[in-house]
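Each remark here refers to the structure printed beneath this line.
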Amino acid sequence: MILNSNHISLASRWATYYILIGLVAGMGSIIFQYLCQFGVHVFLDQMAGYLPPPPAGEEHLFPPSGTPFNRWILLILPALGGLVSGWLVYTFAPEAEGHGTDAAIEAYHKKGGFIRGRIPFIKTIASAITITTGGSGGREGPIAQIGAGFGSFLGRVLHLSERDRRIMLAAGMGAGIGSIFRAPLAGALFASEVLYSDPQFEADVLIPCGISSVVAYCLFCVVFGGGSLFSAQDFVFQTPLELGPYVILTLVLVAGGICYVKCFYGVHDLAKSLNIPNFLKPALGGLCTGVIGFFLPQTLAFGYGYAQMAIDNQLPVLLLFGIAFGKILTTSFSIGSGGSGGVFGPSVVIGGTLGGAVGRIFHALIPGMVIQPGAYVIVGMAGFFSAISNAPISTILFVSEMTNSYHLLLPSLLVCTLSYILARKWTIYVQQVKSPVDSDAHRGDFFVDVLSEIKVRELLPHLRKVNLIPEHMPFSRVRRVFSDSQQQYFPVVDKNQRLTGIFSINDIRGILFDQEIGDVVVARDVANSQIIVTRPSEDLNEVLKKFTMKNLNQLPVVQDDDPGVLLGMLDRREVIEFYNQRIQEVRTNGGKSQDRGTEPLPPRMTDAQVKDAFTKDAMCIREDENLNDVRDTLSQSRFRSFPVVDQKGRLTGILSLSDYENIPADVQPAPTIRKISTSDVVTVTEAEPLFSALGKISSGDFAILPVIDPKERTVLGIISRSDILRTLHRSMKK
């Protein structure tokens, strides 16, 4: 009963968070809708005398002003809007430029779900100004950042983990988009699907997105009424023969989508290369938009009303093509130049008008087969956005909910699937990653999965046999065994050969050269009785944690049912090598391990670099010093290896315990560090991947690697295996 009540309490708390996100996203949608309606009334209607028609599911909140239509004002208005919008964005929140959905995707994958608190506000105002002064953009970008920004803010206020903060960000994004387009189911699925370019959903965010999206949609409908954004007659798919024209439509949509992506990012790259102040670039893009709008005003602002007219079969073919390609240009100039707005809205208009044009052409050629050209508008909306977004499933639902038309699912599925397959190389969302393997949000997941399925018993043939030290052996004899052995760890056993303790080089470093205690101290006195062991039944994930816990290089492996029976020593390098071998098996067997037939688990330890993990306060030894001057310092240090540098701090070698441990303290003259150190040194740089450093340190069984400046060869610090693995485990917990 206590367990059930705890579960209910936990579920209630999280449900409250997602409801709160939905309420804020819904309020953001309402505010943004009012701002856009007011802006269109003031700028386009009252100043230029141009009032774009609304879709059937919306109506103008303000009566027409009656101002005469003036093309010249329409020419300069987008430039003025771009100037104000650009100044706002680049002065207060440069991250708010462009289309906001991509920024939310980037925050999910690369920024731990973090969005600055000011960005949603700046994005809202800047987008409203850009679009309502004639710039071509959509509403989903700003509202996605409003919802995502609040989800991120709530996660920070509650001190939640990065994973929870990412989920809240996605929930806010789905709620905002689902509410303002009156498509709550599609909004939730879209926020989960659009994160990746491969056809898959982020399962963790589906239910949170669903809760938040329903709440936001209901709140939005309380103010603006229910129903769909567009109105469509009851289109019906009548004959399989009609799939032929739909395939032709797919090719047109894919060509248009590629043109859209290339044009958008062509303008974006050109704007970035211009040597002018950033805030002037959206103004320049707005001027280009105004030139197109001067001749074709239907390409300005939202354009949803013209998509509605296309559904109703009210526009001629040439005008439909003109709106489609004009909208590609105006969106590229308005948003690609650094303006603020979404890209989904224009895509709906572009795809709808292309579909309408193709539908009217086929209706004229084969009227007995293509009876309803308006059906091609709806399928065109879905297919075009699928071609540029890599989100075919949620797009089908999006358009179905937006048009309240569910009888075209079959041709929509065909067109969207083909569009996705043919155009998947091109995407308007450049921050998408291929799959969860490539996302920082999942770094370390697959590493843990692979290690967790490997048991220590699989490595029993690789265990190292070591010399055992009787617990009553005098330390003078221990010293001789130590001198003649390459072991790092020495298990101590009783008279029955049962494990009672263990000691390492580090444990005896302080007394190694003390000749007076040779017959007084025995092995039992220097051994550690608190032994960290592993067993054949343990998995390598747990073993790696134990290695990291005390920065150990080897672990004793004991019997499962008897911790006193030592089977051998397991080396950390063997664990890493066995992991790499298992990954190679997964790759070469088509994603399945030879032994288990498991699903593919690609290797991704961490995206961190050496600079994220190395120790900067490393002790370096000058090459011109003599050994006797630094022997005490070396013995007291916690490290076993030390970078050797010249007078200018440049690396010349490395000194390890084995280099000087057998040199008597009374030898004269005392050798210089240069003479006894190793000059062939394996190094890493700050920018090197942490996985590369782990490979180097494991392959040579090194204690540490010097971190150097590649140009000057000066020592910046050192990195040890514990540094690497500590950072790795920290990343796995995120």
Side-chain angles (χ1 to χ4, degrees), residues 95-109 123 127 130-131 135-145 148 173 177 181 186-187 190-199 250 252-272 285 289 299 302-303 324-354 380-396 398-399 416 419-434:
E95 309 99 303
E97 66 146 344
H99 53 103
T101 307
D102 219 24
I105 295 172
E106 181 185 24
Y108 184 91
H109 289 305
K123 185 73 176 179
S127 298
T130 297
I131 300 170
S136 177
R139 299 183 295 206
E140 89 289 343
I143 195 58
Q145 281 202 321
M173 178 170 64
I177 294 174
F181 285 104
F190 178 74
S192 172
E193 186 180 22
V194 77
L195 298 171
Y196 303 108
S197 59
D198 276 359
T250 301
V252 174
L253 296 175
V254 169
I258 295 172
C259 177
Y260 182 34
V261 172
K262 285 185 172 292
C263 185
F264 186 92
Y265 284 106
V267 171
H268 177 270
D269 294 341
L270 178 62
K272 291 292 185 184
T289 298
T299 62
F302 296 110
F325 290 102
K327 198 76 172 167
I328 288 175
L329 292 175
T330 55
T331 306
S332 300
F333 287 129
S334 301
I335 312 303
S337 63
S340 190
V343 293
F344 173 73
S347 302
V348 167
V349 178
I350 296 167
T353 50
L354 283 175
M381 291 177 175
F384 183 83
F385 192 66
S386 294
I388 67 167
S389 69
N390 289 321
I393 304 303
S394 57
T395 300
I396 295 172
F398 238 131
V399 174
C416 288
S419 297
Y420 167 76
I421 293 172
L422 295 174
R424 64 180 304 180
K425 285 175 57 180
W426 296 272
T427 176
I428 202 73
Y429 298 120
V430 295
Q431 295 299 334
Q432 285 177 328
V433 298
K434 183 175 175 60

Please step through side chain to side chain contact (heavy atoms under 4.5 Å, CB included) for the pair Phe384 and Val348, ending with a clear verdict.
CA-CA 8 Å; Phe384 183 83; Val348 167; over 6 Å; no

To the nearest 0.5 Å, what is the distance between [atom1] ([X]) and [atom2] ([Y])?
X: Tyr265; Y: Leu270; atom1: OH; atom2: CG; result: 15.5 Å
X: Tyr196; Y: Lys434; atom1: OH; atom2: NZ; result: 13.0 Å
X: Ser419; Y: Leu253; atom1: OG; atom2: CG; result: 5.5 Å
X: Phe302; Y: Lys327; atom1: CZ; atom2: NZ; result: 9.0 Å
X: Asn390; Y: Glu193; atom1: CG; atom2: CD; result: 9.0 Å
X: Ser136; Y: Ile350; atom1: OG; atom2: CD1; result: 6.5 Å

Taking every non-hydrogen atom, the tightest pair across [X] and [Y]:
X: Gln145; Y: Ala103; value: NE2-CB, 3.0 Å
X: Pro346; Y: Thr331; value: CB-OG1, 3.4 Å
X: Gly285; Y: Ser337; value: CA-OG, 3.7 Å
X: Ala423; Y: Val254; value: CB-CG1, 4.1 Å
X: Gly341; Y: Ser127; value: N-OG, 3.6 Å
X: Cys416; Y: Gly383; value: SG-N, 3.8 Å

Parallel, tilted or perpendicular, as decided by the 30° and 60° cut-offs, for the rings of Phe190 and Phe344
tilted

Please evaluate residues Ser389 and Tyr429 with respect to the criterion side chain to side chain contact (heavy atoms under 4.5 Å, CB included), reporting the C-alpha separation (whole Å), side-chain torsions for both, the decisive distance (0.1 Å), and the verdict.
CA-CA 6 Å; Ser389 69; Tyr429 298 120; 3.8 Å; yes

Applying side chain to side chain contact (heavy atoms under 4.5 Å, CB included), name anything that partners [X], two or more places apart in sequence or on another chain.
X: Thr289; answer: Pro78, Leu300, Thr330, Phe333, Ser334
X: Ala144; answer: Thr101, Met173, Ile177
X: Phe325; answer: Phe321, Ile328, Leu354

So do Arg424 and Asp198 actually touch side chain to side chain, heavy atoms under 4.5 Å?
yes

Counting distance only, does the side-chain N/O of Thr427 pair as donor-acceptor with the main-chain N or O of Ile388 below 3.5 Å?
yes

When you measure from the side chain of His109 to the backbone N and O of Leu195, does any donor-acceptor pair fall under 3.5 Å?
yes

Under the side chain to side chain contact (heavy atoms under 4.5 Å, CB included) rule, what do Val343 and Glu140 come out as? Steps first, then yes or no, please.
CA-CA 8 Å; Val343 293; Glu140 89 289 343; 4.1 Å; yes

